[in-house]
Number of protein chains: 2
Amino acid sequence: MPQTPHCSSCPVRVTAICGALKDDELKALSMISRQRRIPAGQVVFSDQDSSRFFANVLSGTVKLTKTMPDGRQQIVGLVFSPDFLGRAFSFNNPYFAEAASDVELCCFPHDAFESLLKDYPSLQHRLFENTLDELDAAREWMLLLGRKTAEEKIASFLYLLARRHHVDGCANQQSVAASFELPLTRADMADYLGLTIETVSRQLTKLKTRGIVRMVSSRQMEVPDSAALARVAGAEGISN
Amino acid sequence: MPQTPHCSSCPVRVTAICGALKDDELKALSMISRQRRIPAGQVVFSDQDSSRFFANVLSGTVKLTKTMPDGRQQIVGLVFSPDFLGRAFSFNNPYFAEAASDVELCCFPHDAFESLLKDYPSLQHRLFENTLDELDAAREWMLLLGRKTAEEKIASFLYLLARRHHVDGCANQQSVAASFELPLTRADMADYLGLTIETVSRQLTKLKTRGIVRMVSSRQMEVPDSAALARVAGAEGISN
DNA sequence: CGCCGACTTGATTAGATTCAAACTATGTGG
DNA sequence: CCACATAGTTTGAATCTAATCAAGTCGGCG
């Protein structure tokens, strides 16, 4: 049985696109929403099927992937906790969305949501800004994929996670030793960074040996000096 | 002296974002517009400076680049003829825009244009759809940069150009031998594809030797069998 | 206990980069 | 008009980074 959503107690109420809505608009949105849990490894939606929907990610990580006929795969986007999932204004969604971990979603049926987009300019505007940010991120990643070395790629990814302090709990001071869990397997990291599993593993141990990171377990990372990590990451780690 | 724009005779009137506008709205937009010519190699706008504007590209090619401190560069977007140039709703533009060829622009001052965006939902919506398409393209390119071989990268790029039948003149039948000019130097192709100049050159001669393309000159290409090119390009050349 | 998936490590190979040189087209000044 | 400079391009040889192939280790779970 679908859970009734309670926006008032929603963990992403303010940070998600809902933050752009006035009370009555939020109510209309909540009317069409429905929470769903999706276990790790399951398909959220395929680039093939038509049963499409939009969603806010409440917890967990969703990966958007592109696959070539021969099986080569690239993760083209990671969707974390307050982020929005779905491609508006397109008949067929061009990505394959898969749960990288157990995921909680707040789902909106495709047509109902798009009609709300029409009715609420502030919602559309928020989604627009969202999309612009995604585009910036995608282009940043193009620099990584096209020009960075394996070591820089790994460091960039870890630095990205450290900044998002992807912890689900303990908040960190600015630029203090960060501790976070890797939301992806080695295989997924490889697909995100344009590498192989083996190279990912080797570069991680290299960073460990160099003292840039500590690995509590294969998934649990600690970064004693985030500036050092940023330096290894190569670029624009200077700003931001 | 700035040329007075005449939307009625504009080559991109319908295809550009202007196509979303009603007559009176178009008039308001044309009031703030101003045509500019920018010679090849010149900076259109920098990721540093604040003197920003938006523009429709009337002719020529603009490249959006990201550069690392040590000089490594990646082209993260190519802006062709009816496309729109500029990043809305952001104080500082994150890309460096440079004319890859002589370029004609129809420019709009930053603030005036953003206020029009507020006033004309249809304009904002058009720009939103535009941005979604750019995001799709960026992610498609992520697959190329992360997973394709040098040969597939080159073939994909040529196939992209063939589809856009980037000719400035002779229109081509669907899926018939295409002839087009490369809008980029070898160095720029390398920066777009995440390769070196030498590899680009080698792969081009390889495609030439295999009979996939003919090279009338170093810039003028002919594709006898676009399906064969698509096959070499690797992926999703099947659709579209 | 032993299986299984995720991860690590080692040896070898291949594809692309790097370094180096030469070729082509275009434009300039003597 | 030709010699020469220059930017863009091609080609060759050597090198290196990351991929591939191949074992092995770790950790959880039936």
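Not measured: the values here are computed from a predicted model. Here is the naming used below: chain letters follow the sequence lines, and residue numbers restart at 1 for every chain.
Following rounding to the nearest Å, Q203(B) (CD) and dT17(C) (C1') show an atom-to-atom distance of 13 Å. R147(B) has its CZ atom 14 Å from the P atom of dA16(C), to the nearest Å. In this entry the distance linking CD of E152(A) with C1' of dA18(D) reads 14 Å, nearest Å. Summarising the geometry, the separation between CG on D188(A) and P on dA6(C) is reported as 10 Å, rounded to the nearest angstrom. Atom pair L144(B):CG and dA16(C):P shows a separation of 12 Å (rounding to whole Å applied). Summarising the geometry, the separation between CG on L195(B) and P on dT18(C) is reported as 11 Å, rounded to the nearest angstrom. Taking atom CD of residue E181(A) and atom C1' of nucleotide dA6(C), one finds them 14 Å apart after rounding to whole Å. Taking atom CG on D191(B) and atom P on dG8(D), their separation rounds to 13 Å, with Å as the unit.
A distance-only check finds no donor-acceptor pair linking the side chain of T199(A) to the backbone of L195(A) [under 3.5 Å]. Looking only at distances, a side-chain donor or acceptor of R72(A) sits under 3.5 Å from a matching main-chain atom of R147(B). Checked by atom type and distance alone, the side chain of Q74(B) pairs as donor or acceptor with a backbone atom of Y192(B) at under 3.5 Å.
Residue-level contact check: G41(B) touches neither bases nor backbone, having no heavy atom under 4.0 Å from any strand. Counting any heavy atom pair closer than 4.0 Å across all strands shown, S217(A) reaches no nucleic acid atom.
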Protein-nucleotides 9-13 of chain D N/O pairs closer than 3.5 Å?
unit_1	atom_1	unit_2	atom_2	d
dT9(D)	OP1	R219(B)	NE	3.4
dT9(D)	OP2	R186(B)	N	2.8
dT10(D)	OP1	R186(B)	NH2	3.2
dT10(D)	OP2	R186(B)	NE	2.6
dT10(D)	OP2	S201(B)	OG	2.9
dT10(D)	O5'	S201(B)	OG	3.1
dG12(D)	N7	R202(B)	NH1	3.0
dG12(D)	O6	R202(B)	NH2	3.4

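Side-chain contact annotation: E222(A) with S179(A), donor-acceptor N/O pair under 3.5 Å absent.
Ring pair F157(A)/W141(A) is perpendicular by interplanar angle, where above 60° counts as perpendicular and below 30° as parallel.
Looking at R139(A) and E134(B), a side-chain N of the basic residue comes within less than 4.0 Å of a carboxylate O on the acidic one, giving a salt bridge.
A distance below 6.0 Å separates the ring centres of F53(B) and F45(B).
In terms of phosphate contacts, T196(A) brings a side-chain nitrogen or oxygen within less than 4.0 Å of OP1 or OP2 of dA19(D).
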